[in-house]
Number of protein chains: 2
Amino acid sequence: MRSYDEYCPIAMGAEVLGDRWTPLVIRELMCGSERFSDIHRGVPRMSRSLLAQRLKHLERAGIIERREPGPTYHLTEAGRDLEPVVWGLGDWANHWVLGDPVKEQYDGGHVMWRVRQRIVVEELPPRRIVVRFDFPAATTRRRVWLLLDQAGSSVCARDEGFDVDLHVTADIATFMRVWAGRTTWREAMDDEQIVVEGPGELVRSFTRWFALSPFATR
Amino acid sequence: MRSYDEYCPIAMGAEVLGDRWTPLVIRELMCGSERFSDIHRGVPRMSRSLLAQRLKHLERAGIIERREPGPTYHLTEAGRDLEPVVWGLGDWANHWVLGDPVKEQYDGGHVMWRVRQRIVVEELPPRRIVVRFDFPAATTRRRVWLLLDQAGSSVCARDEGFDVDLHVTADIATFMRVWAGRTTWREAMDDEQIVVEGPGELVRSFTRWFALSPFATR
DNA sequence: CTGTATCCTCAAGGATACTG
DNA sequence: CAGTATCCTTGAGGATACAG
């Protein structure tokens, strides 16, 4: 982005945070992604070359640090200091501009990636769990597997013949509204917009380890 | 700006605040400008057509409100709610990225416009005061007049034959550093980087009604 | 003063393929 | 996995002139 050539902190800050995609890259780092591919999974519509470019730029600006081996990316002290600003922007938008999701956002893979980052590992049963999500109305990634494990969970978009423990079938818009805290599990399930099938014990524990968006509870 | 197509408050917020110049336009509104030309004087490197476009966009987004007659522009409730985010961004940059001013920023007109917005009207003598500022090292607007009045002050970049009460001659970089709170009047004057000439009473009251940047004292 | 209209340029960034 | 290289498009926005 071209400089504003103004000696003003707001202008300088906007030069750092104002590049396209940059706030989302920082969001991914704030949400725990450290590896190039993980960051990219959180911002999949951005090209890999552009992500590489942004990471370099942020590194030069002193916001992030690249560590070998790995490599992994981490917020520096300056970057961590920027977190409240980015969360503040999110809180503002959550209050004033977030509406219901629209079709262009119906991406099962993307929601599930965000979901995965929030799984409450401590509440998981002490064994591996596979959950299959079906979002018939999604425009991309209509079927996604969530592989949960206290050691580390992951999201998979290809059928690799897992033994599925839990089946979730959901209207993706409703699912996203629950995730965003705009409606409740109870209401969505009562309306059968979300159906969870599997062993009763798992179904009951589901909403304990499945945490909502960071903005849902604020 | 193209949409990110993500159902995420940070992405939505970035779509509003991420357009080029937009944070600076909001800054101007936060700092008290209401009229099109006044806003533009605060962001003079932006073209007028682009400013018009941004104002419309912000109005559609519910951040600002256009009032007739005038017209004047004002932050809405949503817009005022965004203020802490923008100030937060500024505070962050003030701490982590603001260095000393560089040549591209040596614009006497722009600094003085920012200065004017902060004049402490209550501390002014009860009559009209004209201050002439000379910035020999400035790249644009090397000479600027500040017209002070309890009814309303203004900045003028053309010699209109004023009776000048106070002459300020300054190295613009030092002047900007004082403005930003990175050095003091005392030090700058001791080094003769800033020289204030005029009636003793006015010279002494000068630093009372001349307030520094909002970021200087934070 | 408060914009609008038009033209034109340039560079950001999307798409795609490739590499160590 | 972690990028790089290249090509190519498009639309953002700068410059300028004009209008109510």
Side-chain angles (χ1 to χ4, degrees), chain A residues 1-6 11 14-25 28-29 33-61 64-74 104 107 113 140 152 154-158, chain B residues 1-6 11 14-25 28-29 33-60 64-74 104 113 140 152 154-158:
Chain A
M1 177 187 276
R2 275 189 57 184
S3 166
Y4 290 121
D5 289 339
E6 282 197 21
E15 284 181 27
V16 171
L17 207 59
D19 280 318
R20 183 161 163 76
W21 296 111
T22 293
L24 305 195
V25 172
E28 287 309 305
L29 291 162
S33 293
E34 300 186 341
R35 317 230 7 168
F36 187 91
S37 293
D38 286 346
I39 298 168
H40 190 245
R41 291 191 75 174
V43 199
R45 309 182 84 104
M46 180 183 197
S47 75
R48 300 170 77 73
S49 22
L50 191 53
L51 174 56
Q53 192 178 308
R54 287 288 182 278
L55 288 171
K56 272 185 188 156
H57 186 214
L58 287 170
E59 195 186 355
R60 265 181 278 122
I64 68 175
E65 181 196 347
R66 183 181 192 273
R67 286 190 208 147
E68 292 278 18
T72 59
Y73 296 91
H74 307 266
E104 293 72 34
D107 178 336
W113 178 253
T140 23
S154 63
V155 176
C156 180
R158 277 202 336 249
Chain B
M1 178 187 277
R2 275 189 56 183
S3 166
Y4 290 122
D5 288 341
E6 281 195 22
E15 284 182 27
V16 172
L17 208 58
D19 281 318
R20 184 161 163 77
W21 296 111
T22 293
L24 306 194
V25 172
E28 287 309 305
L29 291 162
S33 292
E34 301 187 341
R35 318 231 7 168
F36 187 91
S37 293
D38 287 345
I39 299 167
H40 190 244
R41 291 189 74 172
V43 199
R45 310 182 83 103
M46 180 182 196
S47 75
R48 298 171 79 72
S49 21
L50 190 53
L51 174 57
Q53 192 177 308
R54 287 289 182 277
L55 288 171
K56 272 187 187 153
H57 186 215
L58 287 169
E59 195 186 357
R60 266 181 278 123
I64 68 175
E65 181 195 347
R66 182 181 192 273
R67 286 188 207 149
E68 292 277 18
T72 59
Y73 295 90
H74 307 266
E104 292 72 33
W113 179 252
T140 23
S154 64
V155 176
C156 180
R158 277 201 338 247

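Naming: A, B, ... by sequence-line order, numbering from 1 per chain. Only heavy atoms go into these numbers, but all of them, side chains included; no hydrogens, no water, no symmetry mates.
Listed by chain and number, the residues in a ring pair (Phe, Tyr, Trp, His ring centres under 6.0 Å) with Y4(A) are W21(B) (sequence neighbours excluded). Taking the side chain to side chain donor-acceptor pair (under 3.5 Å) definition, one finds that T72(B) meets it with H74(B), sequence neighbours left out. Under the salt bridge (Lys or Arg N to Asp or Glu O under 4.0 Å) criterion, E65(B) pairs with R67(B), sequence neighbours left out. Taking R66(A) as the reference, E68(A) meet the salt bridge (Lys or Arg N to Asp or Glu O under 4.0 Å) condition, with sequence neighbours excluded. In this structure, the salt bridge (Lys or Arg N to Asp or Glu O under 4.0 Å) partners of R158(A), at least two apart in sequence or on a different chain, are E160(A).
Between the CD atom of E34(A) and the P atom of dA2(D) there is a distance of 11 Å, given to the nearest Å. When rounded to the nearest whole Å, the span between CZ of R67(A) and C1' of dA2(D) equals 18 Å. Taking atom CZ of R66(B) as the reference point, atom P of dC1(C) lies 16 Å away to the nearest angstrom.
OP1 or OP2 of dG3(C) has at least one side-chain nitrogen or oxygen of Y73(B) nearer than 4.0 Å.
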* To do: Assign a letter to each nucleotide of nucleotides 4-20 of chain C from its 5' end: B, base within under 4.0 Å of a protein heavy atom; S, sugar-phosphate only; -, no contact.
  => BB-------SSBB----
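Among H40(B), M46(B), H57(B), the one residue that satisfies the side-chain contact (heavy atoms from CB on, under 4.5 Å) test with V25(B) is M46(B).
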